[in-house]
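When a residue number appears, it is its place in the shown sequence, counting from 1. For the numbers below, each heavy atom of this structure counts, side chains included, while hydrogens, waters and symmetry mates do not.
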Amino acid sequence: MTPSFGIRSLSALLLAGVALSPAARAESPPLPEVLFEPVLQVLPRTAEEAARIASVTALTEDFTKPERFEQNPGGAATTRARSDADAFSQSSENLSFEEEMDFKLGNGLFRKLWVSSPSSTRASDGLGPLYNARSCQRCHLKDGRGHPPEGPEDDAVSMFLRVSVPAHESQPMSEIEAFLLSLGDPMGEGARTRPDPTYGGQMQDFGIAGLPAEYRLGVSWSEERIELAGGETASLRRPAWRADDLGYGPLAPGAMLSPRVAPQMLGLGLLEAIPAEDILSRVDPQDADGDGISGRAQMVWSFEHERPALGRFGWKAGAPSVLEQSAAAFSGDIGISTPLFTQPWGDCTEAEAECRAAPHGDGDVRETEIDAAGLKLVTFYSRNLAVPERRNVGDPQVLRGKEMFHAAGCTSCHTPKHVTHRLPGEVAQSFQLIWPYTDLLLHDMGEGLADNRPEGRASGREWKTPPLWGIGLTPQVNGHSQYLHDGRARSLLEAVLWHGGEAEASRQQVIDMAPADRAALIAFLEDL
């Protein structure tokens, strides 16, 4: 795709070795107007609405009782709490009857097991040829959170490794790299990356008959003891991830590996409907307000709209919309082509010639292995997986934990409340007060959580603030309590104690809390 925005000459200058001055690198360029353009059809807010929203979403100072509407974190789309493993698999409560049918059809495609080509079941063929799972549901178990392999006999079906190598200076700029350069916001040293020339951008641990898998995920763990106030202790397990049993030769020199568990699927349509201007208003890359928090916006290339866009989805906010995240997962995780990513071999590279030459499911009435109608249904399903209601929002210990959450500064990144856009024809996500506890920005989380693999504007130490709604139901839905991008944390307390970088001060406050206050903080998180 040809870079736009008149930046060819700037790209040529960079490739010729012309560096920007240190002052230019240090300055924080203004955010481009194109990032404020929504990926959805929206109605603009009036000045009166904007003022009212600012008042409603302001941080509370009263922790004696729940805030108004706090029990329903997904607004009118919130679903009733359940006590079984299907708590994350319910539809938005405010869907129409016809939309419920679309949700169920999308669920069927989300759960469908794909088979390799050629097959008599032509509507379901096209798997792989290299892949991580045979269905969306196999990664997002019960629409919830994945986990690391629990031993040598356990597979990594809900987890994989991303892989990239430093880009050579002679390689052409990508669309988004050229766009960033045009803003005077070049990517840092080593930040320009490309997929591994043999293994692509994602390691696949399964292959169809006759094709070896690319690798097997390996990990070694070490323990680190943490002393907490009040005589308590905690233990953190530190992983060392490996790509074992490589099926196609060694990785390229300088290969960077980043483990990723499948995140829970709750409330994605509501996150997509948060106005970009609300997210970008919190950007503070130079920490101008001196609070130690310097959130940055991820900028990605939208393949649907063929322009730069604000990144929102994925562990490093690498996708701008639910549709593009879904299409990328079909391609990278299952090897299924879509109208957006049309390669029938998925992530296979030119070096994997047998993979590219294998039979595929393109070319019938669908044109791609999942057609536009099917991708639209899966996207609708993903947008409308409902957030469950809070269970103990008025419990005194939970309220005390909420106060501790605010006092520790956690809301600096985990922004409690937002109001979504008005969306004509999209009632479920339109103009809802929601409580996702995220700012959707990138933050430096310290060396302990660093994967040392840049992705777009995100450095090897930066991660997107993940939403917290529903996190306390993970054991109920998925049968485990493993958190963070690679599942290293075995409890919510461990997840908090892994925070560093911009969150170091908050982490220290949690360490210094009285045991009863720390327990209350965890009770609050478990109720989200």
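At least one side-chain heavy atom of F431 sits under 4.5 Å from a side-chain heavy atom of V419. At a threshold of 4.5 Å between non-hydrogen side-chain atoms, the residues D444 and R296 do not count as touching. Residues E304 and V39 form no side-chain contact, since every pair of their non-hydrogen atoms from C-beta on lies 4.5 Å or further apart. Under the 4.5 Å side-chain criterion, counting only non-hydrogen atoms from C-beta, T193 is not in contact with R453.
Counting only N and O atoms by type, the side chains of S92 and N384 include a donor and acceptor under 3.5 Å apart. Inspection of the S258 and R260 side chains reveals an N or O donor paired with an N or O acceptor under 3.5 Å.
Residue pairs that meet the salt bridge (Lys or Arg N to Asp or Glu O under 4.0 Å) test with at least one member in residues 130-151, sequence neighbours left out, are D86-K142.
Between F110 and H140, the angle of the ring planes lies from 30° to 60°, which puts this pair in the tilted group. The aromatic rings of H485 and W463 lie parallel to each other, their planes meeting at an angle below 30°, with 60° marking the opposite boundary.
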Q. What's the verdict on salt bridge (Lys or Arg N to Asp or Glu O under 4.0 Å) for R366 and D125, showing C-alpha distance, side-chain angles and the deciding distance?
A. CA-CA 11 Å; R366 297 170 296 171; D125 71 344; 2.9 Å; yes
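Of the inter-residue distances, the one linking I208 atom CD1 with E354 atom CD reads 10.0 Å to the nearest 0.5 angstrom. Rounded to the nearest 0.5 Å, atoms OG1 (T338) and CD (E367) are 12.0 Å apart. Residue D333 holds its CG atom at 10.5 Å from OG of S326, rounded to the nearest 0.5 Å. Taking CG of L180 as the start and OG of S174 as the end, the distance is 8.0 Å to the nearest 0.5 Å.
Of the charged side-chain nitrogens involved, at least one lies within less than 4.0 Å of a carboxylate oxygen, so that K316 and D451 count as a salt-bridged pair. Residues K104 and E100 are paired through a salt bridge, judged by an N-O separation under 4.0 Å between the basic side chain and the carboxylate. Of the charged side-chain nitrogens involved, none lies within less than 4.0 Å of a carboxylate oxygen, so that R383 and E426 do not count as a salt-bridged pair.
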